[in-house]
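Here is the structure we will look at.
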There are 2 protein chains.
Amino acid sequence: MKIGELASMAQCTVETVRYYEKEGLLPVPARTTANYRSYGKPHVERLCFIRNCRALDMTHEEIRTLLDLLDLPSEDCSGVNQLLDAHIGHVDVRIAELSQLKEKLVELRLACRTEKSVDQCGILRGLAVVETAPRDHRETHLG
Amino acid sequence: MKIGELASMAQCTVETVRYYEKEGLLPVPARTTANYRSYGKPHVERLCFIRNCRALDMTHEEIRTLLDLLDLPSEDCSGVNQLLDAHIGHVDVRIAELSQLKEKLVELRLACRTEKSVDQCGILRGLAVVETAPRDHRETHLG
DNA sequence: GCTTGACCCTGAAGTAACTTCAGGGTGTTG
DNA sequence: CAACACCCTGAAGTTACTTCAGGGTCAAGC
Ligand SMILES: [Zn+2]
Ligand SMILES: [Zn+2]
Ligand SMILES: [Zn+2]
Ligand SMILES: [Zn+2]
C-alpha cells in the first residue's frame with residue numbers, strides 16, 4: 001500500500017509517517033518504480049503501536065525503547081514494565097503540577113470579583129508581586 | 001542595573017531576558033557607553049510579572065495580552081478576568097486529559113502482572129491494538 | 001603594564017514533535 | 001491530453017527557550 005493509505009489506517013498524516021521514518025521509528029520501506037513508498041501489514045502494526053504510545057503522551061525516546069524491546073521477542077518484558085511505571089510517574093507529576101497551578105489561578109481570580117480599572121485590578125497586582133521561586137528541575141516531559 | 005542583576009532579581013537567566021526583549025515582552029532598555037543594557041525598577045516589575053505568568057504556564061501570547069491591558073491603566077479590567085478564566089479552562093482541560101491518560105496507562109499496566117517474554121507481554125499487545133481515534137482539536141496549549 | 005576572571009555583546013543553531021511550504025513528478029480518469 | 005488526486009524532497013516554521021561560537025569591557029592582582 002502507499003503512504004496515504006497507511007496514514008489513514010493509523011489516523012495520522014502522511015507527513016507524520018515520513019517524519020517517523022526520518023526519526024528511525026519506522027523502518028525505511030521498499031519503493032515502487034515511481035519511487036513511491038510501499039508498505040505492508042508489519043508497517044501498519046508498527047505505526048499503530050507508535051500512534052497509541054503517542055496518544056498516551058510518551059516521548060519518541062520512550063517509544064524507541066519499547067520498539068527496541070519489541071524487536072527482541074524472547075527477552076523478558078521487565079523493561080516494558082519499568083518504562084510504563086516511569087511514564088505513569090511522569091503523568092502523575094504533571095497532574096500534581098497542574099493541580100497546584102489551578103489552585104493558584106483560582107485564588108488569583110478571586111482577587112478581582114468586581115470589575116475595576118486596570119490599575120486597581122487585584123489580578124494584575126497579584127501577578128506583579130515579586131516572588132522568589134526559581135524554576136526547579138522537571139521530573140516530567142509533559143509540558 | 002545591568003542584565004545579570006535584573007535576571008537574578010527575577011530568578012531567570014540573562015539569555016531569557018534578552019529573549020523576552022527580542023519577543024517584545026520587555027521594552028528595549030537604554031545602553032551604557034560600553035553598549036551594556038541598562039535597566040531600572042519598571043523593568044524589574046515587568047519581568048517579574050512575566051515570570052509569574054510563565055510560572056502559571058501562560059503562553060507568551062496570553063502574557064502579551066495582559067501586558068497590553070496593563071499599559072492602558074484606565075480601562076476596565078474585564079479583559080483580564082476573561083483571559084484568566086480562559087486560562088483556567090486550559091488547565092482544566094489538560095488535567096482532564098491527563099487523568100484519562102492515567103486511567104488508560106494503569107489499565108494497560110495491569111495487563112502484565114507477571115513478567116513474561118516480550119512476545120507474550122500484555123502491555124505490548126495492548127499497545128499494538130489498532131484503535132480508531134484521530135487526535136482531535138486541542139483546547140489547551142498545555143502539552 | 002599585563003593578565004586573569006567575571007560579566008557583557010551578537011547571531012546562529014539546537015530542542016520536541018511535528019506542520020507547512022515551495023517546487024516538482026506520477027497516474028488515472030473523462 | 002488536461003485535470004486532479006496523490007506522491008516526492010528539502011527547507012523552514014512552531015514554542016519558549018538553551019547552548020554555542022566568537023568576541024568586547026572592566027576591575028583586581030602581580
Ligand atoms: Zn514519560
Ligand atoms: Zn480586575
Ligand atoms: Zn492558557
Ligand atoms: Zn509484560
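Protein chains get the first letters and strands the later ones, always in sequence-line order, with residue 1 at the start of each. This one's a predicted model, so the numbers in the text were calculated from it and none came from an experiment.
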Distance in angstrom units between B/Met1 CE and C/dC7 C1', rounded: 16 Å
So the ring-ring contact (aromatic ring centres under 6.0 Å, His included) pairs with at least one residue in residues 44-80 of chain B (sequence neighbours excluded) are B/Tyr19-B/His60, B/Tyr20-B/His60
Starting at CG of B/Leu142 and ending at P of C/dA16, how long is that distance when rounded to a whole Å? 20 Å
Using five pairs at either end of the helix from C/dG1-D/dC30 to C/dG30-D/dC1, determine the angle between the two local helix axes and round it to 10 degrees. 30°
For residues 68-91 of chain B, which residue pairs pass the salt bridge (charged side-chain N to carboxylate O under 4.0 Å, His left out) check, not counting sequence neighbours? A/Arg109-B/Asp85, B/Arg46-B/Asp71
Report the residue (A/Glu61 or B/Lys2) whose heavy-atom-nearest nucleotide on DNA chain C is the more 5′ of the two. B/Lys2
Using a cut-off of strictly less than 4.0 Å between a heavy atom of the residue and any atom of DNA chain D, enumerate the qualifying residues of residues 12-35 of chain A by number. A/Arg18, A/Arg31, A/Asn35
With A/Thr65 via side chain to side chain donor-acceptor pair (under 3.5 Å) - residues at least two apart: none
With sequence neighbours left out, the residues meeting side chain to side chain contact (heavy atoms under 4.5 Å, CB included) with B/Ser117 are B/Asp119, B/Gln120
Using whole Å, what does the distance between atom P of nucleotide C/dA16 and atom CZ of B/Arg138 come to? 18 Å
Can you check the A/Ile63 CD1 to C/dA17 P distance for me, whole Å? 8 Å
Distance-only donor-acceptor pairs under 3.5 Å for side chains of residues 99-108 of chain B, two or more places apart:
{"residue": "B/Ser99", "atom": "OG", "partner": "B/Ile95", "partner atom": "O", "Å": "2.8"}
{"residue": "B/Lys102", "atom": "NZ", "partner": "A/Asp92", "partner atom": "OD1", "Å": "2.8"}
{"residue": "B/Lys102", "atom": "NZ", "partner": "A/Asp92", "partner atom": "OD2", "Å": "3.4"}

Look at B/Lys2 together with B/Glu5 and state whether they make a salt bridge at an N to O cut-off of under 4.0 Å. no
Whole-Å gap separating P (C/dC18) and NE2 (A/His141): 13 Å
Can you give me the closest heavy-atom contact between A/Leu66 and A/Met58, atom names plus distance? CD1-SD, 3.8 Å
Taking only N and O in the side chain of A/His60, is any of them less than 4.0 Å away from OP1 or OP2 of C/dC18? yes
Side chain to side chain contact (heavy atoms under 4.5 Å, CB included) filter on A/Val44, not counting sequence neighbours, yields A/Met1, A/Leu6, A/Met9, A/Cys48
Side-chain polar contacts of residues 24-40 of chain A - donor-acceptor pairs under 3.5 angstrom, sequence neighbours left out - could you list them?
{"residue": "A/Arg31", "atom": "NH1", "partner": "A/Asn35", "partner atom": "O", "Å": "3.0"}
{"residue": "A/Arg31", "atom": "NH1", "partner": "A/Asn35", "partner atom": "OD1", "Å": "3.4"}
{"residue": "A/Thr32", "atom": "OG1", "partner": "A/Ala34", "partner atom": "N", "Å": "3.2"}
{"residue": "A/Thr32", "atom": "OG1", "partner": "A/Tyr36", "partner atom": "N", "Å": "3.1"}
{"residue": "A/Arg37", "atom": "NE", "partner": "A/Glu21", "partner atom": "OE1", "Å": "2.7"}

Distance below 4.0 Å between B/Arg37 side-chain N/O and C/dC8 OP1 or OP2: no
Figure out the CZ/P separation between A/Arg54 and C/dA16, and round it to whole Å. 12 Å
Taking atom P of C/dA16 as reference, at what distance in whole Å does atom CD of A/Glu62 sit? 12 Å
Confirm from the modelled atom types if A/Tyr36 and C/dG25 form a donor-acceptor pair under 3.5 Å, side chain to base only. yes
Report yes if at least one side-chain N or O of B/Arg51 is closer than 4.0 Å to OP1 or OP2 of D/dC17; otherwise report no. yes
